[in-house]
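Side-chain atoms are counted along with the backbone in the values below, which use heavy atoms only and exclude waters and symmetry mates. Ligands are counted one by one from 1 in listed order, and the atoms in each one are counted from 1 as well.
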Amino acid sequence: MDIDKKVWEILFSEEEILNRVDELGKQISNDYRDKNLYIVSLLRGSFVFTADLVRKIDVPVKIDFIITSSYGYELQTSGAVKIVNDIEEEDLMGYHVLIVDDISDSGLTMEHVMKHLKTKNPSSVKSCVLLDKPERRQLNFIPDYIGFTIPNKFVVGYGLNYGDHYRNIPYVFAVTDEDR
Ligand code: IMP
Ligand code: MG
């Protein structure tokens, strides 16, 4: 699929996204006011969302990144999630962890990372995604914070890739089958 030649259906504009991210930031700030917040952002897809979100959070927050194995050029998960690069800490005692990802699809990535981080004994582990695609879920998982719930479409932009490209597009779009 050459998406340059397809119709791009804009699902969320730059402004809509930033308004919603602002709301999420306020909600997270209130919920973690007296807690030791540690945001673990899943690379690469969530780097744009995380950068905007943390700047809307007004409580002290530690930030680190995990790299999970990605879809690459495939449009759906192979089922096996791997942690390619972990956070530094072996021990998360006293931290309230919030995992941030771009999108929850099958749910396998979040489930895997949550299980992994729980072995480091944090005070709590919650999840935050910009986009949630519940129709595709392969297990029982509901993110704690959701920017937008979307139908079963492959989406691109605002950190989400198609192949090597399009992460830098400032809005979120879906690709339809018609040629433009
Ligand atoms: P899950 O493990 O199936 O929930 O998938 C999570 C990961 O798959 C996300 O972090 C994305 O990197 C990728 N992904 C899932 N759906 C899409 C999509 O529609 N566009 C781009 N990447 C996606
Ligand atoms: Mg990802």
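Across Ile87, Thr119, Asn121, a single residue satisfies side-chain contact (heavy atoms from CB on, under 4.5 Å) together with Leu92, and that is Ile87.
Using the six-membered ring where Trp is involved, Tyr166 and Trp8 have ring planes that are perpendicular, over 60° apart on the 30 and 60° scheme.
Taking the salt bridge (Lys or Arg N to Asp or Glu O under 4.0 Å) definition, one finds that Glu135 meets it with nothing, sequence neighbours left out.
Taking a 4.0 Å cut-off on heavy atoms, Leu108 registers as neighbouring ligand 1. Within the 4.0 Å heavy-atom cutoff, Gly45 does not count among the residues contacting ligand 1. Heavy atoms of Lys133 come nearer than 4.0 angstrom to ligand 1 in at least one pair.
Counting the atoms of ligand 1 from 1 in the order shown, those under 4.0 Å from a heavy atom of Lys153 are 19 (O). Those atoms of ligand 1 with a heavy atom of Thr109 less than 4.0 angstrom away are 1 (P), 2 (O), 5 (O), 6 (C).
Of all the heavy atoms in Val125 and Met114, the pair that sits closest is O-CE, 3.7 Å.
No more than 12 heavy atoms of other residues, nucleotides or ligands lie within 6.0 Å of CG in Asp34, so this atom counts as exposed by the packing criterion.
For ligand 1, the polar-atom distance check against Asn161 finds no nitrogen or oxygen pair separated by under 3.5 Å. Note: no N/O pair closer than 3.5 Å links Ser104 and ligand 1 by distance alone. By the 3.5 Å distance cut-off applied to N or O atoms, Val155 is counted among the residues near ligand 1. Ligand 1 has no N or O atom lying under 3.5 Å from any N or O atom of Met110, backbone or side chain.
Here the CG-CE distance, from Asp91 to Met93, works out to 5.0 Å after rounding to the nearest 0.5 Å. Asp102 CG to Leu131 CG: the interatomic distance, rounded to the nearest 0.5 Å, is 7.5 Å.
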Working for side-chain hydrogen bond (donor to acceptor under 3.5 Å, both in side chains), residues Tyr38 and Glu89: CA-CA 11 Å; Tyr38 189 161; Glu89 290 82 1; 2.8 Å; yes
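Of the options Asp105, Ile103, Val129, the smallest heavy-atom separation from atom 14 (N) of ligand 1 is shown by Ile103.
At a heavy-atom distance under 4.0 Å, only side-chain atoms of Asp102, from C-beta outward, approach ligand 1.
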